[in-house]
Amino acid sequence: MRAMDVTELLDGLNPPQREAVASPLNHQLVLAGAGSGKTRVLVHRIAWLMQIEHISPSSIMAVTFTNKAAKEMRSRVEELTGISPKHLWIGTFHSLAHRLLRTHWKQANLSENFQVMDSDDQLRLIKRIVRGLNIDEEVYQPKQAQWYINAQKDEGLRPQHIQPFGDQWAQTMVTIYSAYEEACQRAGLVDFAELLFRAHELWLNNPSLLTQYQQRFRYILVDEFQDTNTIQYAWLRVLAGNAIPVMAVGDDDQSIYGWRGARIENIQQFSKDFAGAQEIKLEQNYRSTGNILKAANSVIDNNPTRLGKNLWTEGDQGEPIALYAAFNEQDEARFIVDQVESHFKNNDRTYQDMAVLYRSNAQSRVLEEAFIRAGLPYRIYGGQRFYERLEIKNAMAYLRLLQNRHDDASLERVINVPARAIGEKTVETLRQYAREHGTSLWQALEQAIRKDLLAARATTALQKFESLIDEMEVTCQSIELHEQVDHVIQTSGLIEHHMKEKGEKAQARIENLEELVNAAKTFDPDDIEAVDENGEPVDVEYASPLAAFLDQAALDAGDAQADEFEDSVQMMTLHSAKGLEFPVVFMAGLEEGLFPHKMSADDPNRLEEERRLCYVGITRAMEKLYICYAESRRMYGQENFASPSRFIREIPHDTIEEVRLKATVSKPVSQQFSVESAQEATGLKIGQQVWHAKFGEGTVLDMEGQGAQARVQVSFDFDGTKWLVAAYANLRPMDL
DNA sequence: GTTAAGGCATTTTTT
DNA sequence: ATGCCTTAAC
């Protein structure tokens, strides 16, 4: 261990950062603006705890939202302190919960070899259950049921906790939820939300276990706190109890996951629940130019319900923000390609310095085509991940089946893939048998063969499948993990099966399967850590390397693309850009209806979230920001015309420079209908509650124009959203 | 049991 | 336009 003194740990930190890092061991709420050195504070705080407070690494827990963030934190701690952070508890909520459940599976009322399933598996299972219950799939869609179940779990509700009263729909959902739960329990399957939920119940149902962990942990840090949902917060709160100090780091302005259960209110709640929490704001930005920050601040300022922060920089103003009004989406893409080329040639930029951000994935296609045409290297983030690919899921299903014959979801997935004459009718018979006898499908299959319940042809096919799986297991017992994977994809016939597919797909699929063998080869079960009853770190006793491999794969979606190292322009959605930064950023498609998306347009809360998303986008840019919109855009095969996004109008026009490649007569949009001038004319503010003589109460969503022409968009509580001319509407501000 | 034609919806994503 | 899924025909 390298000795390190106080100054070294605090060097180069600004006053609020220092305060956060060096504060005594009590609760802290750190509101960290974009680019304010948030990760730095977390890493230095951990180092401080270890080296100044002499807390053992195994007594520190740090929770993140993605595996990537966890990995980065781990390596930066090591870099800073020189201490191997192996014993630090750094991970996502899910991975920490998973680790606990693996160790204490008995107390959590799980089977020893429980498997984690991803949302795809979950949906298949729910589909099967809905059918099994003879419920109309049209009215009670499995997708919705899945959403419903996850939402309930995120809120910490079991079926018995829900009183749906007379609501038929909710009642049916609860029925499905109940049946789903039973099926999971029987098959030893755990979905993502269940990991968190069980981990929470583990504390509640085992007070002595909880006490052990409370004695073990001396400090907890939580990153991206604005993204925690109800159950994550509850879990944390129970664990912290009255004794463990917690540092929560987050930014309410960057909360963009409300739609999947994140509770921005947890930030406010934290100060109430964690008594005496010290609040620290990090507002100095080290990432972006003055102009970019001015734009970001100005946009986000239109959100009425925020805690309030203002980013500032010691750096200079920098270049203006470039605004490009494209003729259509092709023109937009061409413009971006041109700018990328010129940055690369003239300004000495590498391609990976540049990123194109967009609201929805559908936009990537046109951009991608333009990049291909221009011969520029690019990389699209998101899209399908490695372990989500069909061929990989098939292979994994076979492997899971070797591990656990009663994994019905996996069995259904591969029983007839590749086709081996086990049709829908046969499977349905098995399902029915399983339902009636409360067994797994595998057991049903065995019985069907033994008791001769099916036609001879079906029985033969089932027998062949049974012996195939049995044979695989026997062979796999004596060979290495990667050989097992190889054996399975060969003898199952998956390779051949996917080879037969038409198009270029076949090649890619085979390569992916080979990559899976490769992943197994490099897999090291020792990377997975856990604890024993006393909370000491130990390697989890996995029944086999295969079990460890399956576990890891379930929680790690894996990267979407392999050729990470080529210098290429990064293209991704605004959501996946969170946490990243680029010298040059293009925000594409800033049009009403697309961004803010029309699905969010009528709800003030969702509109605020869109605006936060815009704020996230702007603050990704370090030096140069381009904003583009298209006057017309072909979407879903239809030509659409939209006006420029309100967010453009919310950017101060003195930070904008309009780029024009074509002769335009109109005034720059940035000045045309700025929100500032409309605010002046109406005396209203976006987000404000107003009252209208006819429509009653509502919330101001947007405004434009100036003087007597100023118009205000209001979302009325009962009459929907309307544009009103301010001069005639006589809107009265309501006191808050 | 496999393949072809029509219907339908189509934000955002991690684990 | 496109992909996904169900239904209908080989």
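The sequence lines fix the lettering, A, B, ..., with proteins before strands; numbering per chain opens at 1.
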Mind checking if [X] touches a base, just sugar-phosphate, or nothing, with heavy atoms under 4.0 Å?
{"X": "Ala421(A)", "answer": "sugar-phosphate"}
{"X": "Arg365(A)", "answer": "sugar-phosphate"}
{"X": "Leu357(A)", "answer": "nothing"}
{"X": "Arg124(A)", "answer": "nothing"}

Rounded to the Å, how far apart are [X] [atom1] and [N] [atom2]?
{"X": "Asp120(A)", "N": "dT15(B)", "atom1": "CG", "atom2": "C1'", "value": "14 Å"}
{"X": "Asp551(A)", "N": "dT15(B)", "atom1": "CG", "atom2": "P", "value": "15 Å"}
{"X": "Gln363(A)", "N": "dA1(C)", "atom1": "CD", "atom2": "P", "value": "19 Å"}
{"X": "Leu555(A)", "N": "dT15(B)", "atom1": "CG", "atom2": "C1'", "value": "7 Å"}
{"X": "Glu138(A)", "N": "dG7(B)", "atom1": "CD", "atom2": "P", "value": "15 Å"}

Nearest atoms (heavy-atom pairs only) where His98(A) meets Leu555(A) = ND1-CD1, 3.1 Å
Only one of His498(A), His497(A), Arg509(A) forms a side chain to side chain donor-acceptor pair (under 3.5 Å) with Glu391(A), so which one is it?
-> Arg509(A)
Step through the shown structure and confirm whether more than 12 heavy atoms of other residues, nucleotides or ligands are within 6.0 Å of CD on Gln144(A).
-> yes
In terms of heavy-atom contacts, does CH2 of Trp147(A) have more than 12 from other residues, nucleotides or ligands at under 6.0 Å?
-> no
Mark up nucleotides 8-14 of chain B, 5' to 3', with B wherever a protein heavy atom is under 4.0 angstrom from a base atom, S wherever such an atom reaches only the sugar-phosphate, and - elsewhere.
-> --BBBBB
Under 3.5 Å: donor-acceptor pair, side chain of Asn404(A), backbone of Ala187(A) = yes
Check step by step if ring-ring contact (aromatic ring centres under 6.0 Å, His included) holds for Tyr257(A) and Trp259(A).
-> CA-CA 5 Å; Tyr257(A) 288 113; Trp259(A) 51 273; 5.8 Å; yes
